[in-house]
Structure formats: C-alpha cells, structure tokens
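Down below is the structure, laid out as structure tokens.
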Number of protein chains: 2
Amino acid sequence: MTVTLADVAARAEVSPATVSRVLNGNYPVAASTRERVLRAVDELDYVLNGPASALAAATSDLVGILVNDIADPFFGIMAAAIQSEIGGPGGRAGGERLGVVCNTGGSPERELTYLTLLQRQRAAAVVLTGGAVEDSAHAAAVATKLRKLADAGTRVVLCGRPPAPAGTDAVALTFDNRGGGQQLTEHLIELGHRRMGYIAGPEERTTTRHRLEGHRAALAAHGLPDDPRHTVYGRYDRRSGYEATLELLRRDPDLTAVVAANDTVALGACAALRDSGLRIPDDISVVGFDDLPFSVDAVPALTTVRLPLSEAGARAGRIAMGREEPPPGGIATVRGELMVRGSTGVPKG
Amino acid sequence: MTVTLADVAARAEVSPATVSRVLNGNYPVAASTRERVLRAVDELDYVLNGPASALAAATSDLVGILVNDIADPFFGIMAAAIQSEIGGPGGRAGGERLGVVCNTGGSPERELTYLTLLQRQRAAAVVLTGGAVEDSAHAAAVATKLRKLADAGTRVVLCGRPPAPAGTDAVALTFDNRGGGQQLTEHLIELGHRRMGYIAGPEERTTTRHRLEGHRAALAAHGLPDDPRHTVYGRYDRRSGYEATLELLRRDPDLTAVVAANDTVALGACAALRDSGLRIPDDISVVGFDDLPFSVDAVPALTTVRLPLSEAGARAGRIAMGREEPPPGGIATVRGELMVRGSTGVPKG
DNA sequence: AGCGTTACAGCAAGCGCTTTCTACCTGATG
DNA sequence: CATCAGGTAGAAAGCGCTTGCTGTAACGCT
C-alpha cells in the first residue's frame with residue numbers, strides 16, 4: 001500500500017541504507033547513485049515516514065510554538081515571525097521543520113499539557129511566547145518541564161516572556177514591559193495629566209504586573225500619588241477595556257487620561273469613553289501598548305509603545321533553530337518605542 | 001537516560017504489553033494491575049515516545065491546520081476554534097491530539113510543502129482554511145495531495161474554502177461569499193447608492209472572485225452598469241485598502257460608496273477617505289466583510305457581513321476528529337449575516 | 001465432575017527508518 | 001607488483017512501541 005524506503009531501494013537497486021543517506025545527505029554518496037535514488041523517489045512518489053525516522057534517529061523535526069491566544073494579533077504576529085524562521089516550507093534550504101503553533105488560551109494546564117505533548121513528540125525546539133502566569137506551583141511545574149525538555153535535547157526559547165528560573169537553560173528574549181509602561185505614563189505626566197486611570201490585564205500575568213509597575217514608577221518619580229481606586233484589573237480584550245473604563249469613570253469622573261494594558265483594551269476604552277460622551281483627546285487621553293497594526297487606524301490614532309514583535313519572533317526562531325547565537329547570559333531585553341499619536345493631548349482646563 | 005515502556009513494565013512487574021494497554025485503554029486490564037502500572041508511570045515520570053507509538057500503531061495524534069496568515073484574526077479565530085475541538089489539552093477525555101497550526105503565508109508552494117510535511121508525519125487529520133488559489137496547476141497538485149492524504153487515512157476538512165474537486169473525499173464547509181457580497185451591495189443600492197467602488201483582494205483567490213461576483217450580481221439585479229474602472233485589486237491588508245481607495249477616488253471622485261474585500265481592507269479605506277477629507281457616512285459609505293472583532297469599534301462602526309468563524313471552525317474541528325457527522329454530500333454552505341452599522345448611509349444630494 | 005467461557009496477561013513479531021561497522025573497489029604509492 | 005588510503009555501498013542491529021495470538025486461571029454451566 002504505502003511506499004517504503006525499501007521499495008525505493010529496490011527500484012534504485014541499492015540498499016535501504018543508501019537511500020536513507022541520500023535523503024539525509026550527511027554521508028558521501030556517489031553522484032550517479034544519488035541521482036538514481038532520487039529518480040526512484042520521484043517515480044514512486046515516496047514520502048518519508050516521519051515517526052519512523054524520528055524513532056530511529058531519536059530526533060524529530062517538530063518545533064512547538066506556544067501562544068496564549070492565537071486569535072490575538074499580538075501572538076499571531078510573533079508566531080508568524082517565529083514560524084518563518086523555523087525554516088519549514090519556504091525557509092532556506094535544509095532541515096525542513098514543522099513549526100507548530102499551540103494555543104494555550106492562557107490556561108496553565110493547557111500550557112503544561114502542550115509541553116508534555118511536545119516532549120512526547122521529541123520536539124526539536126519549543127518557543128514559549130507571551131507573559132507567564134505567576135502562580136508559583138505552576139511556574140515550578142513549567143520550569144521542571146522545561147528542564148526535562150532541555151535535558152532531552154529540545155532547545156527552549158522564551159519570547160516576550162520573563163526569564164525562567166536559573167537552571168532551566170532556556171534562552172529568554174524579554175520585552176521591557178516595565179520600561180514601556182513607564183514611558184507611556186511619563187508622556188502623559190509631561191502633557192500635564194495628574195488623574196489617570198489604569199486598566200490592567202489579568203492580575204496573575206507577569207506582563208500585567210510589569211506594565212503596571214512601570215506606570216507606578218513613573219507616578220512615583222514625579223511625586224504623584226497612586227490611588228488604588230484608579231486601577232482596575234481585567235482581561236486582555238476589548239470588552240474588558242470597555243467595562244473597566246466605565247468602572248473607572250464611575251469611581252472618578254474627573255480622570256483626564258486612561259492608560260490601557262494593551263491596544264485591544266485601549267480600543268474598548270475608547271468606545272466606552274465615546275459612549276460616555278467624552279471626546280478623545282480633548283476631554284480625555286488614552287494610551288495603549290504593543291502598537292498592533294490596527295492602532296494607527298483608530299480614530300484618533302492611538303498613542304502606544306511599539307514592541308518589535310516580528311523582529312523578536314524572528315530572532316527567537318533563529319535561536320531555536322540554532323542559527324543564531326543566544327544573547328550573552330541567555331537573556332536579552334527587547335525595548336519598545338513610544339509612539340505618540342492623536343489619542344493623547346494636553347488635559348482640559 | 002530516558003525512561004521507556006519497558007522500565008515502567010519492570011517497575012510495575014508486568015509486561016510491556018500491559019503497560020501499553022493501560023496507557024491506550026482499549027483492552028481490558030484488571031483494575032489492580034492498571035493502578036500498579038499508573039503508579040509506576042507516575043513514579044518514573046514516564047512520557048510516551050510519540051514517534052515510536054506512531055510508528056507501531058501506524059497513526060499519529062497530529063492534526064494539521066493550514067492558514068493563510070496567522071497574524072490575521074480572520075484565520076486566528078478559526079484556528080483557535082478548530083484547535084479547541086481537536087481535543088488537545090483542555091478538550092474532553094481521550095485522544096489527546098496535538099493541533100498544529102501551519103502558516104502558509106498565502107503561498108501555494110508552502111501550502112504544498114506543509115501538506116507533505118503533514119503527510120510525512122502521518123497526521124490524523126488536516127483542516128485547510130481560507131480561500132484557495134485558482135491556479136489550475138496548483139489546484140491539481142493540492143487535490144492530488146489531499147487524495148493521497150485521504151488514502152493514507154488522514155481525514156481532510158476544508159473550512160471556509162470551496163469544495164475540492166470530486167474524488168478528493170474532503171468534507172467542505174464553505175462560506176457563502178457570493179451571497180454575502182450580494183447582500184452588502186444590495187444594502188447600498190437600497191440606500192440609494194449608484195456609484196460604488198470595489199476594492200477586491202488578490203485576483204487569484206477564490207474568496208476574492210466570489211465576493212466580487214456577489215457584488216456584480218447585485219448590480220446586475222438592479223440594472224446598474226458595472227464599470228471596470230470601479231474595481232481595484234489588492235491584498236487583504238490595510239495598506240492595500242488605503243492605496244486602492246486613493247486610486248478609486250482618482251478614477252472617480254464622485255463615488256458615494258466603497259465596498260471593501262474585507263474588514264481590514266475597509267479600515268484602510270476609511271483611513272484614506274478621512275485623509276482625503278471625506279466624512280463617513282455623510283460623504284461616502286463604506287462596507288467591509290467578515291465582521292472581525294475590531295469592526296464594531298471602528299469609528300463609525302463598520303457595516304459588514306458577519307461570518308460565523310468560530311462556529312464554522314469548531315464544526316470543522318469536530319468533523320476532523322470524527323466527532324460529528326459530515327454534512328450530507330460532504331458539503332455545507334455557511335451563510336453570513338448582514339450587520340448594518342454606522343459606516344453606511346444615504347448618499348448625499 | 002467435566003467442559004466451555006470469560007477475563008487477563010505475556011510473547012514475540014514487526015512498524016520503517018538510521019547508523020555503526022564491515023567489505024569492497026579503485027587508484028595512488030613505494 | 002604488493003600495499004594502503006580513500007571513497008562508497010551493504011548488512012544488520014536496533015529505536016520504543018503496538019497488537020495478534022497464545023496461554024492460563026477462575027468461573028459458571030449441565
């Protein structure tokens with residue numbers, strides 16, 4: 001039924017070993033033989049049996065990419081960049097690897113299960129993207145898993161995620177969420193804002209905490225009070241931004257600016273503000289984070305911090321493939337760039 | 001170094017066969033034995049070797065999901081829905097499958113290469129999403145590939161993609177792009193629009209052609225002429241929408257409406273119109289297609305056709321897993337729903 | 001009491017490939 | 001002309017798991 005290596009070998013009148021060597025190209029094979037084999041492969045329309053070769057060679061060509069939410073462009077952009085470097089199809093010659101994107105939906109259990117599944121497949125590499133959950137039990141479980149993966153020869157790279165505990169020899173490309181958050185708030189302070197609402201992401205995420213820390217650091221640096229009523233936690237989606245904004249307005253109708261956890265949330269915030277009859281930025285300013293493609297299209301265009309998602313993803317992909325040296329110490333911080341646009345202005349009055 | 005089935009067997013004092021059967025749960029094993037085995041698995045922290053079991057069982061637990069652009073929420077949403085049904089982690093009990101998302105970037109070659117890679121992995125199922133390329137050579141190549149996959153036992157499902165040629169026994173869930181396009185244009189015509197520009201997607205995609213056909217059908221039904229100068233082809237991104245709009249305006253400054261190939265393009269169109277000093281919908285109306293999450297947030301909110309991406313994806317996923325009966329004849333058409341919002345209005349004058 | 005069943009467990013034969021080691025042939029070398 | 005190195009090809013031993021088939025003990029039946 002299915003064509004095997006042996007069939008090809010028979011047809012090319014060589015041994016299976018030779019066919020295997022032609023296909024893997026890591027052993028000298030005379031040009032004429034090679035050609036004969038290749039022809040047989042073609043004629044028989046032979047496709048290597050992945051599991052069999054993975055078993056025999058004890059390595060596979062799978063590369064896992066874990067994302068929190070595949071429907072969110074933040075992750076989609078990184079995943080696309082990573083996958084483009086994984087080689088896979090379209091990549092440069094050699095090592096055709098299958099970059100597989102796994103959607104954890106932000107669930108710690110799913111994250112762990114996917115890691116096990118990848119471990120089971122003996123993945124060549126794993127890239128984890130996005131913020132981590134701060135629950136210590138889970139963090140420990142992940143760290144253990146990563147260490148096992150690494151022990152089994154799987155390269156582990158973290159992209160846009162805080163470094164794993166020492167010992168897990170995972171390379172980490174971390175976004176400077178703290179610095180970005182600080183820049184944003186500093187920008188607002190410079191414009192003259194003093195009463196700012198903050199819409200945070202899910203409380204247990206590192207990303208949430210770091211961005212919020214940046215915000216608070218900016219407040220502190222300028223001697224501004226940090227009123228706890230001015231912070232509302234939510235999810236990283238539009239809906240959450242909408243609701244959180246209404247809540248903030250209820251708590252303090254005199255806010256002059258809203259700082260959102262990310263661009264998607266900021267969009268929800270804008271909608272809520274408009275629905276509340278406020279004009280942006282005349283009555284109230286709004287800032288986001290990430291600079292996703294749609295942010296420049298918002299009306300008014302969103303002031304935000306651009307994160308080089310594509311670049312970081314590509315680099316993570318290359319490191320995962322062993323095509324680029326990991327940064328010294330295994331950790332690199334990727335900074336964002338403040339993009340000042342129409343959604344921020346001088347406060348009224 | 002690595003723990004194998006045999007190690008577990010030794011520890012549990014049973015044969016490897018028994019361990020395998022406990023793990024696969026498809027053969028009677030006494031409760032006490034099972035428990036002993038499970039304990040051993042736990043103690044040794046054993047992880048099944050995927051390739052080995054795939055080889056021995058001649059099936060794997062990989063399910064491929066092909067998308068054109070993973071950074072585009074249109075695909076992201078479908079992929080997330082499909083993956084959630086693949087079982088994978090978080091899914092209901094049994095068959096833990098690894099749903100892998102492959103990003104073709106719209107390239108026919110990559111599409112083919114990914115299919116080969118999945119064939120090589122002996123994937124349990126493959127779901128292809130989004131429009132197909134109409135180049136006949138490529139279509140034939142894909143059809144051949146799909147047929148081979150099917151022959152090898154891989155279930156093939158098309159989601160939001162036209163049915164494959166007969167013979168390829170692939171299940172198809174097709175979006176009614178033609179009908180949607182027609183509804184949109186009919187809505188504009190009813191509002192009184194007569195001069196409408198159309199921004200199409202890439203010319204070789206089926207989606208592009210179908211939506212455009214719907215538009216033209218509506219024009220024809222109302223006896224309106226179809227001026228070729230009123231159609232511009234581009235890509236499915238914002239930039240393309242922006243540029244195409246400027247081009248349309250150049251060709252006919254008196255347009256009263258712009259019909260965009262999808263919401264992303266529509267957003268670009270809105271930006272171009274605003275930059276040209278036109279107000280939406282007072283001076284000119286705009287419609288999109290898909291109803292992606294951000295469309296309701298545009299200012300004004302976009303009139304568009306909602307496609308049940310999540311539902312269709314979930315259904316495709318279930319069919320791929322064999323958990324739902326394929327539609328009769330293997331083909332189902334999924335209709336969109338017209339969402340009338342602020343971006344369309346009665347034309348001026 | 002004897003025999004057919006049922007319920008489990010084990011044996012062993014692969015699944016299709018990679019890779020080490022060995023064998024061979026050729027041409028170069030002394 | 002004998003010897004040796006270099007370059008190629010083959011034989012065969014697994015890789016770790018699944019599964020058909022073969023026991024075997026316990027049970028229920030006539």
Side-chain angles (χ1 to χ4, degrees), chain A residues 1-38 40-41 44-62 95-96 117 119-124 152-153, chain B residues 1-38 40-41 44-62 95-96 117 119-124 152-153:
Chain A
M1 181 66 230
T2 40
V3 183
T4 71
L5 233 212
D7 299 330
V8 176
R11 173 134 194 159
E13 299 179 296
V14 296
S15 72
T18 302
V19 178
S20 170
R21 299 204 258 245
V22 167
L23 262 24
N24 291 294
N26 45 13
Y27 190 87
V29 174
S32 63
T33 314
R34 148 176 289 108
E35 201 194 321
R36 205 142 34 88
V37 169
L38 257 17
V41 166
L44 262 32
D45 209 5
Y46 172 68
V47 175
L48 195 65
N49 183 319
S53 77
L55 171 58
T59 62
S60 98
D61 49 5
L62 237 54
E96 256 180 15
L117 242 27
Q119 180 185 5
R120 171 177 305 183
Q121 299 299 333
R122 306 298 189 252
Chain B
M1 180 63 231
T2 40
V3 183
T4 71
L5 235 211
D7 299 331
V8 176
R11 172 132 195 162
E13 300 181 295
V14 296
S15 71
T18 302
V19 178
S20 169
R21 298 204 257 246
V22 167
L23 263 24
N24 291 294
N26 45 15
Y27 191 90
V29 173
S32 64
T33 313
R34 148 175 291 107
E35 200 195 321
R36 202 141 36 88
V37 170
L38 257 17
V41 165
L44 295 174
D45 210 4
Y46 171 69
V47 175
L48 196 64
N49 182 318
S53 77
L55 172 58
T59 60
S60 98
D61 50 6
L62 237 55
E96 254 180 18
L117 242 28
Q119 179 184 6
R120 172 176 303 180
Q121 299 298 333
R122 305 298 189 255

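A, B, ... follow the sequence lines: proteins, then strands. Residue 1 opens every chain.
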Using the 3.5 Å cut-off, write out each protein N or O paired with an N or O of nucleotides 5-9 of chain C and the distance between them.
| unit_1 | atom_1 | unit_2 | atom_2 | d |
| --- | --- | --- | --- | --- |
| dA9(C) | OP1 | Thr33(B) | OG1 | 2.3 |
| dA9(C) | OP2 | Ala30(B) | N | 3.0 |
| dA9(C) | N6 | Tyr27(B) | OH | 2.6 |

Heteroatom pairs (N/O) under 3.5 angstrom, protein to nucleotides 13-15 of chain D:
| unit_1 | atom_1 | unit_2 | atom_2 | d |
| --- | --- | --- | --- | --- |
| dC15(D) | O2 | Ala56(A) | N | 3.4 |

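Here dG10(D) presents its P atom at 13 Å from CG of Leu5(A), a figure rounded to the nearest Å. For Asn24(A) and dT20(C), the CG to C1' distance is 15 Å, given to the nearest whole Å. Atom CG of Leu48(A) is separated from atom P of dG16(C) by 12 Å (rounded to the nearest Å). Taking atom CD on Glu13(A) and atom P on dG10(D), their separation rounds to 10 Å, with Å as the unit.
The line from CG of Leu23(A) to CG of Asn26(A) is 10.5 Å long, rounded to the nearest 0.5 Å. To the nearest 0.5 Å, atoms CG (Leu48(B)) and CG (Asn24(B)) are separated by 7.0 Å. With values rounded to the nearest 0.5 angstrom, Leu117(A) atom CG is found 6.5 Å from Gln121(A) atom CD. Note that the CZ atom of Arg122(B) and the OG atom of Ser60(B) stand 9.5 Å from one another [nearest 0.5 Å]. One distance of note links CD of Gln119(B) with OG1 of Thr2(A); it measures 10.5 Å at 0.5 Å rounding. Rounding to the nearest 0.5 Å gives a distance of 11.0 Å between CG of Leu5(B) and CG of Leu44(B).
One N or O on the side chain of Arg36(A) and one on the backbone of Ala12(A) form a donor-acceptor pair closer than 3.5 Å.
Annotation: side chain of Val37(B) is not in contact with side chain of Arg34(B) (no heavy-atom distance under 4.5 Å).
Nearest-nucleotide positions on DNA chain D for Asn26(B) and Pro51(B) put Pro51(B) closer to the 5' end.
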